[in-house]
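Heavy atoms only: backbone and side chains are in, while hydrogens, waters and symmetry mates are out.
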Amino acid sequence: MEHYAVMKDLYLMIIYLSSGDQHNRYLNNSRENSKENFTGVDCWNGFNFEIINALVAEGLLELSSTKKTLTMNKKAMKAAREILQKINIDGVDRLLEQREYHEEYINYTSPLNIIEEQEEDQE
């Protein structure tokens, strides 16, 4: 819970944005979805798999065969860090500073990466 101050806001944003409106269908009123029968929002305990699948298709994430683990690649990590740097949430700077080694990883090109890039260029 070391990063709760940062994660709290991010989780609340993600849950809110991925949630759906819930309405009491047993209340009779002229409008199906109105403030009179609105009961709140809910979401699945997890991520929207349409978005996850789109991120996988875009090459930003890898999804395990069991669909229980998501792995971010360098491009996705870089994008996430840039987004976090732009938002104004207390504690983000400290969190990014504690994970400064991610920047080194993102910018590191291993010999294997060089070979893969050369093979892609030849295709």
Side-chain angles (χ1 to χ4, degrees):
M1 297 301 285
E2 178 182 354
H3 306 299
Y4 178 73
V6 175
M7 299 304 292
K8 173 187 169 187
D9 292 343
L10 295 173
Y11 269 66
L12 288 173
M13 286 188 293
I14 291 168
I15 290 168
Y16 180 76
L17 291 172
S18 65
S19 65
D21 289 352
Q22 296 302 308
H23 297 271
N24 185 333
R25 61 187 173 149
Y26 299 107
L27 291 177
N28 293 327
N29 60 25
S30 59
R31 293 189 325 207
E32 184 178 317
N33 295 333
S34 68
K35 66 181 179 184
E36 287 83 19
N37 66 359
F38 181 77
T39 60
V41 296
D42 69 358
C43 73
W44 288 97
N45 187 11
F47 295 99
N48 179 323
F49 275 96
E50 288 180 25
I51 295 171
I52 296 299
N53 290 336
L55 291 169
V56 170
E58 197 174 326
L60 295 169
L61 297 178
E62 292 179 20
L63 186 60
S64 72
S65 58
T66 61
K67 295 191 176 187
K68 291 185 178 182
T69 305
L70 293 170
T71 303
M72 295 180 93
N73 62 23
K74 290 180 180 184
K75 184 178 176 182
M77 290 174 68
K78 181 177 181 178
R81 290 180 65 84
E82 288 171 356
I83 292 165
L84 286 168
Q85 288 169 346
K86 289 178 185 176
I87 62 175
N88 186 20
I89 297 176
D90 289 339
V92 168
D93 292 338
R94 190 168 30 91
L95 173 66
L96 292 174
E97 187 177 291
Q98 289 172 344
R99 296 180 176 190
E100 187 61 33
Y101 60 93
H102 288 179
E103 284 291 328
E104 294 172 17
Y105 168 74
I106 291 166
N107 296 317
Y108 176 71
T109 303
S110 72
L112 182 59
N113 294 129
I114 294 170
I115 292 169
E116 288 174 353
E117 288 173 7
Q118 289 172 346
E119 289 174 353
E120 287 175 6
D121 290 342
Q122 292 176 355
E123 292 177 357

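- Under the 4.5 Å side-chain heavy-atom criterion for ILVMFWY residues, no single connected hydrophobic cluster contains both Ile83 and Leu96.
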**Verdict with supporting geometry, Asn53 and Leu63, side-chain contact (heavy atoms from CB on, under 4.5 Å)** = CA-CA 8 Å; Asn53 290 336; Leu63 186 60; 4.2 Å; yes
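- Taken from CG in Leu60 to CG in Leu70, the straight-line distance is 11.5 Å, to the nearest 0.5 Å.
- Heavy atoms only, all atoms of each residue included: Met72 and Leu61 are closest at CG-CD2, 3.5 Å.
- Around CD of Gln85, the count of heavy atoms belonging to other residues, nucleotides or ligands within 6.0 Å exceeds 12.
- The CD1 atom of Ile106 lies 8.0 Å from the NZ atom of Lys78; values are rounded to the nearest 0.5 Å.
- Contact between Leu10 and Ile87 at its shortest, heavy atoms only, is CD2-CD1, 3.8 Å.
- Here the closest heavy-atom approach between residue Lys74 and residue Tyr105 is recorded as CE-O, 3.1 Å.
- More than 12 heavy-atom neighbours from other residues, nucleotides or ligands sit within 6.0 angstrom of CG on Asp121.
- Within 6.0 Å of the CD atom in Glu103, the count of heavy atoms belonging to other residues, nucleotides or ligands exceeds 12.
- Closest of all the heavy-atom pairs between Glu100 and Arg81 is OE1-NH2, 3.8 Å.
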